[in-house]
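In what follows, a single structure is set out as structure tokens and then discussed.
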Amino acid sequence: MELNLEQDWKDIVHRCFRCGYCKFTYEFSDFNCPSYKKHRFETYSTGGRLWLIYGLISGEIPWSQGVANVLYACSTCGNCTENCRFDKFNDFLVDIIEAARAEAVINGFCPEKQKALIERIENSEMYNPYGEKNSDNEDLKKEYDLPDKAEWVYFIGCTSNYRQKNLRDATLRFLKKTNIDFTLIDEHCCCSPVMRTGQINSVKDFINYNIAQINNAGASKVITSCAGCYRTLKKDWLKFGADYDFQIYHTVELVKKLLDEGKLKFISEYNKTVTYHDPCHLGRHMDLYEIPREVYKHIPRIKFVEMKRNRENAWCCGAGGGVKIGYPEWSVEISKERLEEAKITGASVISSVCPFCKTNLSDANIKFNMNFEVIDLIEILDNIEFEISGN
Amino acid sequence: MNREVILKELEKIVGKEYATNRSEDLYIYSQDPGASLPRSVDFVVMPNTTEEVQAIVKLANQEKISIVPMGGGLTLSGLIIPVKGGIVLDMKRMNQILEINQFSRYALIEAGVTTGQIISHLNENFQDLQPPIPDAPPSATVAGNMLIHGSGYLSQKYGGHGAMINGLEVVLPNGEICKLGSCAVSDYWFDRGPIPDFIGLFISAFGTMGIITKLSIQLFPKPKMRDIVFGLMNSPKDIPNVLLKITATGYAEDILLGMQDKPEWMKGYIFIMTYITGDSEEDLDRQRKTLKRIYRKTNARFMKPSEKMKNLYLEKPIFAAGAADFRKGGGFEYVGAFMPLEKIPEAYEKGADLARKYGILPTLGSRLIGGVHTVVMFFSYSFNRADPKDMENAREALHETNKLALDLGGIPWKSELDGQKLILERIDPSYKKLMKTFQNALDPNKIMNSGNWEVN
Ligand SMILES: Cc1cc2nc3c(=O)[nH]c(=O)nc-3n(C[C@H](O)[C@H](O)[C@H](O)COP(=O)(O)OP(=O)(O)OC[C@H]3O[C@@H](n4cnc5c(N)ncnc54)[C@H](O)[C@@H]3O)c2cc1C
Ligand code: SF4
Ligand code: SF4
């Protein structure tokens with residue numbers, strides 16, 4: 001079931017009973033809403049946010065910077081959607097918060113820092129939220145000897161292309177080794193950051209542009225190494241009315257497929273204790289929990305350990321929903337809590353499948369001297385020998 | 001002092017991030033999920049230590065501002081919405097589980113520990129112990145529940161929750177810290193103690209006598225196995241007889257009764273769920289047979305439920321918030337009333353009539369406390385929070401239900417202001433006088449949740 005962004009959410013938001021199941025992990029062992037855990041006032045619980053939204057809709061309270069701040073102090077991690085027990089309501093909690101943010105934007109209450117996202121993305125020199133000059137990826141195409149047209153497009157995503165280049169390059173090397181027929185496009189932001197922060201005015205143009213680029217490349221499949229892009233392309237683009245025929249994959253799905261088909265064999269060992277951080281955008285938002293785990297477990301001699309809060313219960317890295325740009329200090333505090341949880345497992349490596357999670361976990365790792373190796377799964381694969389056959 | 005100066009003082013006590021008078025916070029704390037109308041709040045403060053609570057109380061005394069202690073805020077009857085403005089003291093940062101004593105079976109906890117937290121702590125670390133908690137959502141606090149004399153799945157067997165308090169640490173309205181119970185004399189918080197028992201003064205007082213910062217609650221052994229024996233009765237008239245017979249066996253851990261007009265097949269019936277516990281299947285089987293025999297002899301039919309239904313009710317605590325979602329309107333409140341067993345049949349009949357009169361689908365239930373010594377009767381009304389008329393209708397129904405409960409010889413529990421007034425109208429005048437004496441002695445400035453239990 002989809003929620004109509006124009007009206008439906010306004011008709012159901014008052015169903016929230018403010019009972020607070022959504023503050024906790026499923027078995028109540030800890031808080032799971034980063035926002036509530038930080039601020040502790042009821043206002044910052046999911047229920048508090050929903051009641052504020054109802055207050056705005058019903059006219060009981062006016063828009064204000066304070067109300068907007070509460071709406072934006074949420075990493076859209078989706079923990080609440082897992083733990084609210086009200087069926088056919090729980091699925092929409094984050095959608096409702098995002099829809100309310102769009103109203104905040106319309107009413108002129110988008111916080112200043114988050115506005116930078118749209119300003120940079122809409123800047124015709126940039127088209128990315130990092131304020132970097134747009135890369136048309138032609139140099140990369142040359143470097144990796146990629147064709148103009150191919151079956152697959154690797155949608156790099158802004159974070160990998162401008163901040164986590166090693167992750168991007170590891171993905172490119174991996175894809176090359178698999179011998180799949182792939183190329184790159186002159187991509188513009190997938191729009192995840194602006195969708196999450198309610199700045200949705202030009203989203204459709206960006207979607208149409210990217211789809212046209214993918215179609216021009218003749219691709220029937222799109223692969224991305226970013227959990228955020230994956231969710232956005234696969235879910236949000238459709239929500240915004242996109243019409244496309246290609247299929248969307250996360251790199252981890254390709255790795256798993258090759259392993260299952262016996263086409264990929266790991267040769268060298270990875271003698272480390274590794275714990276996996278579920279990216280919200282891949283786990284709770286897309287229900288993809290086991291595939292990454294199965295890939296890790298295939299790596300010879302890896303010691304794979306789970307954190308206490310994992311899968312549906314995973315604690316967020318704190319980067320999403322505009323929190324990294326809007327509340328940078330708090331954002332790394334959230335990651336710090338994740339690293340502390342990882343410490344208890346005895347792992348020396350914390351790994352994920354998302355460049356944005358990697359960025360935030362790394363920032364916290366450095367800031368709080370946590371001494372982890374923070375590395376993406378695709379980077380681990382880049383470090384070990386493997387054999388590809390039959391592709 | 002003006003408001004901004006008071007806020008600064010509060011910030012000095014608890015830290016800037018835990019004191020607020022921002023309008024968005026005041027809006028949220030000016031209402032609860034029940035049917036009460038919002039009332040205004042001046043500050044919300046979240047203390048972290050007893051000393052911070054003490055400093056806040058002293059400030060409130062000096063400034064003559066009301067303080068309303070709040071746990072989960074889930075009582076539904078507006079008890080945590082200030083009547084005369086002032087400070088809402090959200091206690092949930094004080095959430096340390098200080099001690100689990102496995103010998104004397106008690107937990108010493110801070111007042112902000114939630115029911116979710118205690119159940120998860122015991123499940124993880126003390127698998128043979130279980131806490132007395134209500135079927136309320138997990139963000140309800142243990143203290144909030146004990147202090148309103150709540151009840152739960154262990155109440156039929158072990159009694160009401162207010163009676164399970166072994167000891168309290170209280171910040172009195174004058175700012176003094178006082179320990180009550182065995183802890184006043186000994187290092188162990190194991191009993192109320194053979195000393196004058198003042199703990200009762202703080203139960204069902206709705207924060208008017210002081211602020212509880214720590215409490216010791218009794219814990220109980222966890223049975224290996226649990227099952228439910230379901231039954232259906234044709235008429236509420238049979239209830240007393242069935243309950244007397246079941247409780248005489250000593251088998252029941254919990255007994256819940258219910259009546260609702262939906263789904264259709266339930267209309268007109270009273271269903272009964274008797275929870276039994278044991279160490280083995282044989283043990284349970286023996287109890288099942290006895291109970292089935294009792295059902296048969298008392299006009300109650302044994303009913304085999306679907307596995308799904310059974311598992312739903314076997315979950316501890318039961319997901320009662322599902323009832324709140326009945327109308328999908330986000331609003332729910334019930335009159336809980338402590339009733340004598342002999343009046344229960346009438347309570348069902350008249351309660352259902354009353355609900356119908358207000359156009360509300362009858363949803364009634366009850367739970368036994370301490371055998372048949374008390375039956376808590378629930379007259380539930382869910383409503384659409386987005387429809388002011390529907391809320392008003394629910395308020396009127398609740399008010400009339402309070403009157404009904406009193407007319408039947410019962411007493412509304414955790415009652416909202418109007419219900420408190422009804423009780424005070426009927427209460428023995430000397431009781432009222434004694435209450436006033438305590439209130440004046442402890443809280444001469446009337447700062448403690450003032451407006452509640454107001455005796456003129
Ligand atoms: C779906 C649902 C099911 C429920 N089922 C049950 C049930 O099975 N059994 C039951 O007993 N109740 C039940 N309740 C009622 C209620 O939610 C619970 O009793 C709950 O535990 C109350 O705790 P609280 O923390 O929410 O209290 P609050 O509402 O926060 O406070 C209750 C009262 O205690 C006072 N108070 C709170 N903390 C302190 C303190 N530290 N010092 C002094 N005074 C204080 C408050 O001022 C208020 O007057 C249910 C409620 C709901 C919504
Ligand atoms: S979002 Fe769901 S779980 Fe959270 S308070 Fe609202 S109804 Fe309860
Ligand atoms: S999405 Fe995450 S941060 Fe936002 S309200 Fe839900 S649990 Fe809290």
Side-chain angles (χ1 to χ4, degrees), chain A residues 10-33 36-58 60-71 73 83-90 308 330, chain B residues 17-20 22-34 38 44-46 48 70 72-74 76 80 88 90 92-93 95 112 114-121 123-124 136-140 317 319-332 382 384-388:
Chain A
K10 294 184 181 167
D11 296 336
I12 62 168
V13 61
H14 64 275
R15 196 175 146 196
C16 170
F17 181 54
R18 234 174 83 198
C19 50
Y21 278 89
C22 51
K23 292 174 181 171
F24 298 91
T25 58
Y26 197 79
E27 71 293 351
F28 320 131
S29 65
D30 203 341
F31 295 126
N32 228 12
C33 169
Y36 177 71
K37 192 161 188 178
K38 162 80 180 163
H39 297 280
R40 304 307 299 275
F41 288 117
E42 288 297 318
T43 327
Y44 291 82
S45 66
T46 317
R49 253 181 283 282
L50 297 185
W51 278 46
L52 283 181
I53 294 170
Y54 174 69
L56 291 166
I57 292 172
S58 62
E60 285 172 22
I61 49 168
W63 273 104
S64 67
Q65 214 59 60
V67 171
N69 178 53
V70 178
L71 297 183
N83 291 300
C84 169
R85 305 287 202 265
F86 290 5
D87 263 358
K88 298 200 175 85
F89 176 64
N90 45 12
K308 185 170 172 195
W330 171 41
Chain B
E17 60 276 53
Y18 297 115
T20 174
R22 290 182 298 262
S23 56
E24 60 274 16
D25 295 319
L26 302 184
Y27 172 73
I28 292 297
Y29 283 86
S30 68
Q31 43 190 331
D32 78 359
V44 186
V45 183
M46 296 197 83
N48 199 29
M70 166 180 165
L74 282 165
L76 306 178
I80 45 75
V88 173
D90 184 335
K92 290 194 289 300
R93 272 179 77 222
N95 64 355
T114 60
T115 55
Q117 197 186 342
I118 188 84
I119 201 159
S120 142
H121 183 76
N123 282 344
E124 248 176 67
S139 48
F319 172 54
D325 196 36
F326 192 58
R327 293 264 311 277
K328 315 258 176 281
F332 175 66
S382 56
N384 181 354
R385 219 159 48 78
D387 178 352

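Bear in mind that the values here come from a model prediction, so they are computed numbers and not experimental data. Naming convention: chains lettered A, B, ... in sequence-line order (proteins, then strands); numbering from 1 in each chain.
Per-residue counts of heavy-atom pairs under 4.5 Å with chain A were compared for B:Arg22, B:Lys92, B:Glu17; the largest is that of B:Lys92. Comparing B:Pro38, B:Gly72, B:Pro138, B:Ser120 by how many heavy-atom pairs each has under 4.5 Å with chain A, the most go to B:Pro138.
A salt bridge does not link A:Arg49 to B:Glu24: none of the charged side-chain nitrogens sits closer than 4.0 Å to a carboxylate oxygen.
Both the backbone and the side chain of B:Asp25 have a heavy atom closer than 4.5 Å to some heavy atom of chain A. Looking at B:Thr114, the atoms closer than 4.5 Å to chain A (heavy atoms on both sides) all sit in the side chain, from C-beta outward. Only the backbone of A:Glu27 comes within contact range of chain B, judged by heavy atoms closer than 4.5 Å. In this structure, the portion of A:Tyr36 lying under 4.5 Å from any heavy atom of chain B is its side chain and not its backbone. For A:Val67, the parts sitting under 4.5 Å from any heavy atom of chain B are the backbone and the side chain alike. For a residue to count as touching a neighbouring chain, one of its non-hydrogen atoms must lie under 4.5 Å from one of that chain's; by this rule B:Phe332 touches chain A with backbone and side chain alike. Heavy atoms closer than 4.5 Å to chain B are found nowhere in A:Lys37, neither backbone nor side chain. With a 4.5 angstrom heavy-atom cutoff, B:Leu26 does not touch chain A via any of its atoms. Residue B:Asn123 does not touch chain A at all, counting heavy-atom pairs closer than 4.5 Å. Looking at A:Phe89, there are no atoms closer than 4.5 Å to chain B (heavy atoms on both sides), in backbone or side chain.
Shortest non-hydrogen contact noted between B:Phe319 and A:Tyr21 is CD1-OH, 3.3 Å. Scanning all heavy atoms of the two residues, the minimum distance from A:Cys19 to B:Pro137 falls at O-CB, 3.3 Å. Nearest heavy-atom pair, B:Ser139 versus A:Gly20, reported as atom, atom and distance to 0.1 Å: OG-CA, 3.7 Å. Of all the heavy atoms in A:Phe28 and B:Gly116, the pair that sits closest is CB-O, 3.4 Å.
Atoms CG and NE2, on B:Asp387 and A:His14 in that order, are 8.5 Å from each other to the nearest 0.5 Å. One finds the CG atom of A:Asp11 at 15.5 Å from the NZ atom of B:Lys328 (value rounded to the nearest 0.5 Å). Here the straight-line distance linking atom CZ of A:Phe31 with atom CG of B:Asn95 works out to 6.0 Å at 0.5 Å rounding.
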Before you tell me yes or no, could you show the steps for B:Tyr29 and A:Glu42 under side chain to side chain donor-acceptor pair (under 3.5 Å), namely the whole-Å CA-CA distance, both residues' side-chain angles and the distance that decides it to 0.1 Å? CA-CA 8 Å; B:Tyr29 283 86; A:Glu42 288 297 318; 4.8 Å; no

Full working for side-chain contact (heavy atoms from CB on, under 4.5 Å) between A:Phe41 and B:Ile28: CA-CA 9 Å; A:Phe41 288 117; B:Ile28 292 297; over 6 Å; no

Pair A:Tyr54, B:Arg385 - check side-chain contact (heavy atoms from CB on, under 4.5 Å), show working. CA-CA 10 Å; A:Tyr54 174 69; B:Arg385 219 159 48 78; 4.0 Å; yes

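Side-chain contact between A:Phe24 and B:Gln117 is absent, with no heavy-atom pair separated by less than 4.5 Å.
Stacking of A:Arg40 on the aromatic ring of B:Tyr18 is not recorded, the 6.0 Å distance cut-off and the 45° axial limit not both being met.
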